[in-house]
Amino acid sequence: MAMLGSVLHLSPMMLTTSTSRPTKATTSSPIKPLKHCKTIEELKMFHRSLTKQGLDNEFSAITKLVARSCELGTRESLNFARKVFDLSEENGESYGSCFMYNSLIRGYASSGLRNEALLLFLQMMFCGVSPDKYTFPFVLNACTKTRASRNGIQVHGLIVKMDYAKDMFVQNSLVHFYAECGELDCARKVFDKMSERNVVSWTSMICGYARRDLAKDAVDLFFEMRSSEDVKPNSVTMVCVISACAKLEDLEMGERVYAFICSSGIEVNDLMISALVDMYMKCNANDTAKRLFDQYDGARNLDLCNAMASNYVRQGLTKEAIGVLNVMMDSGVRPDRISLLSAISSCSLERNVLWGKSCHGYVLRNGLENWDNICNSLIDMYMKCGRQDSAFRIFDGMSNKTVVTWNSIVAGYIENGEVDAAWETFKTMPERNIVSWNTIIGGLVQASMFEEAIEVFQSMQSQDGVKADGVTMMSIASACGYLGALDLAKWIYYYIEKSGIQLEVRLGTTLVDMFSRCGDPESAMSIFNSLKNRDVSAWTVAIGAMAMAGKAKQAIELFNEMIKQGLKPDGIVFVGVLTACSHGGLVQQGKEIFNSMEKLHGVVPEDVHYGCMVDLLGRAGLLKEALHLIKNMPLEPNDVIWNSLLAACRGQGNVEMAAYAAERIQVMAPERTGSYILLSNVYASAGRWNDVAKVRLSMKEKGLRKPPGTSLVEIQGRTHEFTSGDESHPEMPKIEAMLYEINHLGHVPDLGNVLMDVDEQEKIFMLSRHSEKLAMAFGLISSKKGTTIRIVKNLRVCSDCHSFAKLASKVYNREIILRDNNRFHFIIQGKCSCNDFW
DNA sequence: ATAGGGTTAG
């Protein structure tokens, strides 16, 4: 992208402004008074003049010099302050005063030198200098953000012992310290005990909640604050409250808060605008955010641009993110490391290593390569772009590898389909958090390794310190859906409720889909009905659930209800509704809905929708009409559409049209195995064995093989897999006896399902080894009487197995639920929900 | 003196 190139080609002028200050001191310049000293040179000069005047032991002068040096806050000035301080101690008469210690401790703490601050505090205690009420806030500040919160707790003990625990400023600092360490309960305890609170007390507590995942508590506390008359919120408070609203994605609350700010006369500063823009964008109100952005001349404001860019990235709008940063640069503002994080993320999402490299170049030229976040981001980008060598070069150079660094590597491997490498890394990495687990579990699901995903999830349970969250459960639920394991599904639902994982729409939708795929449409619908904020994809899944269960009418009702609630249907919903009509044989309704797509809803039918219509017409026996539709559709019919026609021909036994359709498919998609099988099916049913042989030969020539049929059956929470013709199951003799029993209860084999020209006995035998029959027989002998048997098959169910299942359901009084690659068969008392039509 | 938005991995 040309625009991003300008990241690369920033003029050297821009790179040297604003960060580096001119430090040149002219020897001729007069000594400035302390408060006007702005550079280390000026301070040194001041110190020299003190020495010259013999005042370098003069207590108040030295104290002031140290304080001023600390105020400047650079490493150099702090070192200088320390030198002067140490000298004054050596000179002996007076030990460093409490005030000097305070200055230095504050300086160290606020420039991140926390250890130095704490060591100096210890020295102070050791030398017998009593800390005062000013010391403790500085020391506590040094204790926050370190992993070792123990220090702060010890300091708290000291505070109590020295009787400073009732000082408001000290208490405020304690609240802040505990909140920063994530100990919100401790923070609140201190807060509640305070006899007097000022705006900082309230703000510290509110901010503590907002920064954790307790944004609701933050907002509640803000309202509590407003009802206590003596303290008024200020702009710092409001920034915290707005960020809490952003976290909650609560637009209504956010706007209420904004209105309050406007009416209360609280100063609106840049930080507040940034927070507001962030809030609007987190609530997906991009337009409002953009208006504010423009109103405050956002392009000239680094923070505003960063807020916009990071949110665009989060929304996947990478072009917009880069656009904002470019506009910002055009107005002369240099991107900082936060901007770079957004830029690099965009490259990563776009899988654009060229842009990524240009960002990397900018990072190197501007000395940003020591920021861990930047490195992690670059590693992620290179891994996602398939440049593992570049990723590892950065990785190897990092001294502070965190769990995020490792997670980026694992995710990168997953992205490139290297599940084994991902697993090896995952196993050996030094620390794992919930994201690590989610990455590997999600990766296994993506690779269709569903059982493995669930195993890993189970081993996660026994790990300390990790708790499954909504993301984990989405992966696990979708794995379970693929397996069609209802007992597992129920357990997953129970687990989510028990562990208090929030059932928001996305997770809820996954659960609806899971139950639907496990053949439990009732549970699916009851969860769907309980969901708040249902979006189009939630409705789509519910409609699909009804379609799969053969409940066409309910599917249409749901669709109408969705429209009534003002949601705009997309192409995917129509696939669901039309499929439902097709399975339910609702030809007229199907046609009406199809015709309404563009006219009423502005959704242009795509090839899948034509496929649905061909399917609908074909199943209803209207083969000619189906063919007519194909020939007159505005799009070029693809293999999927012809395959729908072919499948319909199989159902209707129309050999000629089947051959015609199959020919088309083989031109367009010669590797589509299913079409050969369907065609041979049609020929076999018609007894045209020569043609069956021809199809078989042409498959062989192309190196295609019929994928083996496999069926899963879940018995007492364990999934058993059967493959067609496989007799290796340990219970095979019992399974065989069961099959024999049913065959002799009056099952008439449907020999058209055997695609080989062998004698009748051989055909009957081959039929009896279909995977779904093996699974069914095993289910019958290994589950309790009266319980439902659930089978998941990878291919379409054969008609012989279908009638076999119907007979079994009646004789043994069992409900059999059979899911094939297309739909569900709920078989009760000899009847199937598909009305023998699939 | 004490409090502040935007921050990488799923």
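We name chains A, B, ... by the order of the sequence lines, and we start the count at 1 in each one. Side chains are part of it too, since the values below use all heavy atoms of this structure and drop only hydrogens, waters and symmetry mates.
In this structure, the CD1 atom of A/I206 is 10 Å from the C1' atom of B/dA3, given to the nearest Å. If you take CE of A/M281 and C1' of B/dG5, they are 14 Å apart, rounded to a whole angstrom. When rounded to the nearest whole Å, the span between NE2 of A/H360 and P of B/dT8 equals 19 Å. As a whole-Å value, the separation of A/F395 CZ from B/dA9 C1' is 13 Å. Protein atom NZ of A/K247 is 11 Å distant from nucleotide atom C1' of B/dT7, rounded to whole Å. The distance from atom CD1 of A/I105 to atom C1' of B/dT2 is 15 Å, rounded to the nearest whole Å. Between the P atom of B/dG4 and the CZ atom of A/F222 lies a distance of 17 Å, rounded to the nearest Å. B/dA3 atom P lies 13 Å from atom CZ of A/F177, rounded to whole Å.
Distances were taken from every side-chain heavy atom of A/P137 (C-beta onward) to each of B/dG5, B/dA1, B/dA9; the shortest belongs to B/dA1. Of the listed nucleotides (B/dA9, B/dG6, B/dG5), B/dA9 has the atom at the smallest distance from the side chain of A/N433. Considering only the side chain of A/L341, B/dT8 comes nearest among B/dG5, B/dG6, B/dT8. Among the nucleotides B/dT8, B/dG4, B/dA1, the one closest to the side chain of A/C207 is B/dG4. Side chain of A/N269, nearest nucleotide from B/dT8, B/dA1, B/dG4: B/dG4. The side chain of A/N306 lies closest to B/dG6, out of B/dT8, B/dT2, B/dG6. The side chain of A/S274 sits closest to B/dG5 out of B/dA1, B/dG5, B/dT7. Nearest to the side-chain atoms of A/D380 among the listed nucleotides B/dG4, B/dA9, B/dG6 stands B/dA9. Proximity note for A/S235 (side chain, C-beta onward) versus B/dA9, B/dG4, B/dG6: the nearest is B/dG4. The side chain of A/L271 lies closest to B/dG5, out of B/dG5, B/dT7, B/dT2.
Across all strands, A/D132 comes closer than 4.0 Å to no nucleic acid atom at all (heavy-atom distances). Using a 4.0 Å heavy-atom distance criterion, A/N311 is classed as making no nucleic acid contact. Contact annotation for A/F136: no contact, since no heavy-atom pair falls under 4.0 Å across all strands. In this structure, A/N102 reaches neither bases nor backbone, as no heavy-atom distance under 4.0 Å exists between it and the strands shown. When heavy atoms are screened at a 4.0 angstrom cut-off, A/K384 is found touching the sugar-phosphate backbone but no base atom.
Legend: residues meeting salt bridge (Lys or Arg N to Asp or Glu O under 4.0 Å) with A/K35, ordered by chain and number and at least two apart, are absent. Legend: residues meeting ring-ring contact (aromatic ring centres under 6.0 Å, His included) with A/W371, ordered by chain and number and at least two apart, are absent. In this structure A/D192 satisfies the salt bridge (Lys or Arg N to Asp or Glu O under 4.0 Å) test together with A/R188, sequence neighbours excluded. Qualifying ring-ring contact (aromatic ring centres under 6.0 Å, His included) partners for A/Y134, counting only residues two or more places apart in sequence or in other chains: none. With sequence neighbours excluded, no residue forms a salt bridge (Lys or Arg N to Asp or Glu O under 4.0 Å) with A/D213. Every residue meeting the side chain to side chain donor-acceptor pair (under 3.5 Å) condition with A/Q388, not counting sequence neighbours, appears here in chain and number order: A/E418.
Interface remark: the A/N234 side chain does form a donor-acceptor pair with the B/dA3 base, using a distance-only criterion of under 3.5 Å. For A/D303 and B/dG5, a side-chain-to-base donor-acceptor distance below 3.5 Å is present, hydrogens and geometry of angles not being considered.
Within residues 186-205 of chain A, the residues having any heavy atom closer than 4.0 Å to DNA chain B are, in order of number, A/N198, A/V200, A/T203, A/S204. A heavy-atom distance below 4.0 Å to DNA chain B is reached by these residues of residues 406-428 of chain A, ordered by number: A/N407, A/S408, A/A411.
In this model, the phosphate group of B/dG6 is not approached by any side-chain N or O of A/R314 to a distance below 4.0 Å at OP1 or OP2. Contact check, A/H176 against B/dA3: a side-chain N or O comes under 4.0 Å of OP1 or OP2.
The aromatic ring of A/F169 stacks onto the base of B/dA1, its centre lying under 5.5 Å from the centre of the six-membered base ring with the two planes under 30° apart.
Evaluation of the salt bridge (Lys or Arg N to Asp or Glu O under 4.0 Å) test over residues 393-403 of chain A, restricted to residues two or more places apart or in two chains, returns none.
Smallest separation of non-hydrogen atoms from A/K247 and A/A215: CB-CB, 3.8 Å.
For the pair A/R432 and A/F426, the distance from NZ or CZ to the six-membered ring centre is under 6.0 Å and the angle to the ring normal is within 45 degrees.
Between A/R106 and A/E71 no salt bridge is recorded (no basic side-chain N to carboxylate O distance below 4.0 Å).
Here the options are A/S408, A/S348, A/S345, the test is side-chain hydrogen bond (donor to acceptor under 3.5 Å, both in side chains), and the partner is A/D380; only A/S348 passes.
Between the side chains of A/Y164 and A/Q171, no donor-acceptor pair is found at a separation under 3.5 Å.
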